Amino acid sequence: MNGIREIFDTGIRQNIFTMLSRKGNIIGKGKRRIGILISFIVLSFFSFTWYWSNEGKCNPFTAYSCWTGMPYDQPNPFRPSKVGFMVLTPWLAPIIFDGTYNLDVLNAQFHQRGVRVGLTVFAVRKYNIFVKSLIETAEQFFMAGHKVNYYVFTDDVRAIPKIMVKEGRSLVILKISGYKRWQDITMRRMQFIHDYIAERLINEVDYLACLDADMKFTDNVGVEILGDLVGVIHHGYFGKPRIEFPNERRNKSEAYIPVDTGDFYYTGCFFGGRVEEVYKLTNFCHNAMMEDKEKNIEAIWHDESYLNKYFLYHKPTKLLSPEYASNDNGPTYVIKRKKIIHVPKNYRVIRN
């Protein structure tokens, strides 16, 4: 009799445990379903809020991508540089090579700020013939999707061909005086850039890229080049010891740099940065040139010599690799993608 009672009690306990377990599963499933429903409602609310706050410019079904800019791989601090060269200076300025940045991420950041970019070029005397190629290739490769003003400084306005530019861009022709010597032309551009920044550019653009006329774009050049103060490493002296840099060695010159001093040798064909910083740079170079002129001194490489002096004591906040000023005299292994190149020419014919 006792054995029968024990079997009966055990059966009752098992039935009760089974019923409670089923009830718990039902409750658990209900909670999960309620949680999923609440999550969906919250996500939908924020998605459509973001959608309407951006005037319908973001797709509500990709709102997460809109918040973060776009989906992209998480940076990996253990992944070595793809380029195989130094990508950070001792003063923590990045050195830009192809493959060291994500242009989509950068574009999203600069679009939020609505930056305006200016490109200056000096086309004096025979250098007028290069303007068409430079501007047309810039329209193809330079600052895609951003506002750009081209400023062409020339001594002969009629020699500049009419060039159509995209919506949101403008081509401004500025008349300047001509000079007999090409050396004077290159050195005087510092004065003209300085003066026109103060006169109008400070109110029209946020960044300036200052290029020689005899260059052209061959690949995409975007906001990766923008920074407070930007210099371009000279292709021909990339990796060379400082003793081989062609700096001005006469200590009476304002461009003087001692033999045992220097970080990189920067090309004078391309420099830039924020308008305020370019103003300071050109102001220094122009004043130094004028002081040397009073001493009857002309620096060995003219404006490039003064530019290197400035960069020695006012370090660039961003450096561009020789990919942004490629020439035939530098090592080819440095260049992965030629972004900007020097146009082949006969210097003797062009400069005379």
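Note that the structure is a prediction, hence the values are computed from the model and not measured.
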Kindly list each side-chain donor-acceptor pair under 3.5 angstrom involving residues 208-217, sequence neighbours excluded, with atom names and distances?
unit_1	atom_1	unit_2	atom_2	d
Asp212	OD1	Arg189	NH1	3.0
Asp214	OD2	Lys345	NZ	2.8

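- Scanning both residues, Met190 and Thr282, for their nearest heavy atoms gives O-CB, 3.4 Å.
- A salt bridge between Asp263 and Lys315 is present, with a side-chain N of the basic residue lying under 4.0 Å from a carboxylate O of the acidic one.
- A distance-only check finds a donor-acceptor pair linking the side chain of Lys339 to the backbone of Asn220 [under 3.5 Å].
- Checked against the 6.0 Å centroid threshold, Phe238 and Phe85 count as a close aromatic pair.
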Evaluation steps, side chain to side chain donor-acceptor pair (under 3.5 Å), between Tyr150 and Arg169: CA-CA 8 Å; Tyr150 301 106; Arg169 300 187 171 208; 2.8 Å; yes

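- Considering all non-hydrogen atoms of both residues, Leu103 and Glu224 come closest at CD1-OE1, 3.6 Å.
- Under the 4.0 Å criterion applied to side-chain N and carboxylate O atoms, Glu244 and Arg242 are not assigned as salt-bridge partners.
- In this pair, Tyr310 and His314 present their aromatic rings parallel. The plane angle is below 30°, not in the 30 to 60° band.
- Both Phe271 and Leu201 belong to a common hydrophobic cluster when Ile, Leu, Val, Met, Phe, Trp and Tyr are linked at side-chain heavy-atom distances under 4.5 angstrom.
- The minimum heavy-atom distance between Asp219 and Lys338, with the atom names listed, is CB-O, 3.4 Å.
- For the pair Asn128 (side chain) and Arg125 (backbone), a donor-acceptor distance under 3.5 Å is present.
- Judged by distance alone, with hydrogens and angles left aside, the side-chain atoms of Glu304 form a donor-acceptor pair with the main-chain N or O of Gly268 at under 3.5 Å.
- Ionic pairing of Glu298 and Lys293 is not present here: no N-O contact between side-chain nitrogen and carboxylate oxygen is shorter than 4.0 angstrom.
- Checking side-chain atoms of Lys318 against main-chain N and O of Gly231 turns up no donor-acceptor pair under 3.5 Å.
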Verdict with supporting geometry, Asn107 and Val223, side-chain contact (heavy atoms from CB on, under 4.5 Å): CA-CA 7 Å; Asn107 273 328; Val223 295; 3.6 Å; yes

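- Under a hydrophobic-cluster definition in which Ile, Leu, Val, Met, Phe, Trp and Tyr are linked whenever side-chain heavy atoms come within less than 4.5 Å, directly or via other members, Leu319 and Met86 are assigned to the same cluster.
- Glu204 has a carboxylate O that lies under 4.0 Å from a charged side-chain N of Arg200, or vice versa, which qualifies the two as a salt bridge.
- Note on Ile197 and Tyr306: same hydrophobic cluster, where clusters join Ile, Leu, Val, Met, Phe, Trp and Tyr whose side-chain heavy atoms are under 4.5 Å apart, directly or indirectly.
- A salt bridge between Glu277 and Arg274 is absent, with no side-chain N of the basic residue lying under 4.0 Å from a carboxylate O of the acidic one.
- Taking each heavy atom of Thr317 and Pro94 in turn, the nearest pair found is O-CD, 3.3 Å.
- When all heavy atoms of Asn149 and Ser170 are compared, the closest pair comes out as OD1-OG, 2.9 Å.
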Check against ring pair (Phe, Tyr, Trp, His ring centres under 6.0 Å), Tyr237 and Tyr266: CA-CA 9 Å; Tyr237 295 94; Tyr266 302 95; over 10 Å; no

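- Partners of Arg249 under the salt bridge (Lys or Arg N to Asp or Glu O under 4.0 Å) rule, at least two apart in sequence or in another chain, do not exist in this structure.
- Note: His235 and His342 fail the aromatic proximity criterion, with ring centroids not under 6.0 Å apart.
- A pairwise comparison of heavy atoms in Cys285 and Leu307 identifies SG-N, 3.8 Å as the closest pair.
- At distances below 3.5 Å, not a single donor-acceptor pair connects side-chain atoms of Thr261 with backbone N or O atoms of Ile257.
- In this pair, Phe245 and Tyr265 present their aromatic rings tilted. The plane angle is within the 30 to 60° band.
- Not a single donor-acceptor pair under 3.5 Å links the side chain of Glu291 to the backbone N or O of Glu254.
- Of the options Asp156, Ile176, Thr154, a side chain to side chain contact (heavy atoms under 4.5 Å, CB included) to Val124 is made by Ile176 and by none of the others.
- Linking Ile, Leu, Val, Met, Phe, Trp and Tyr whenever their side-chain heavy atoms come within less than 4.5 Å leaves Phe311 and Phe270 in two separate clusters.
- The line from OG1 of Thr267 to CG of Asn327 is 8.0 Å long, rounded to the nearest 0.5 Å.
- Residue Ile135 is not grouped with residue Ile129 when hydrophobic side chains (ILVMFWY) are merged at heavy-atom distances under 4.5 angstrom, including chains of intermediate members.
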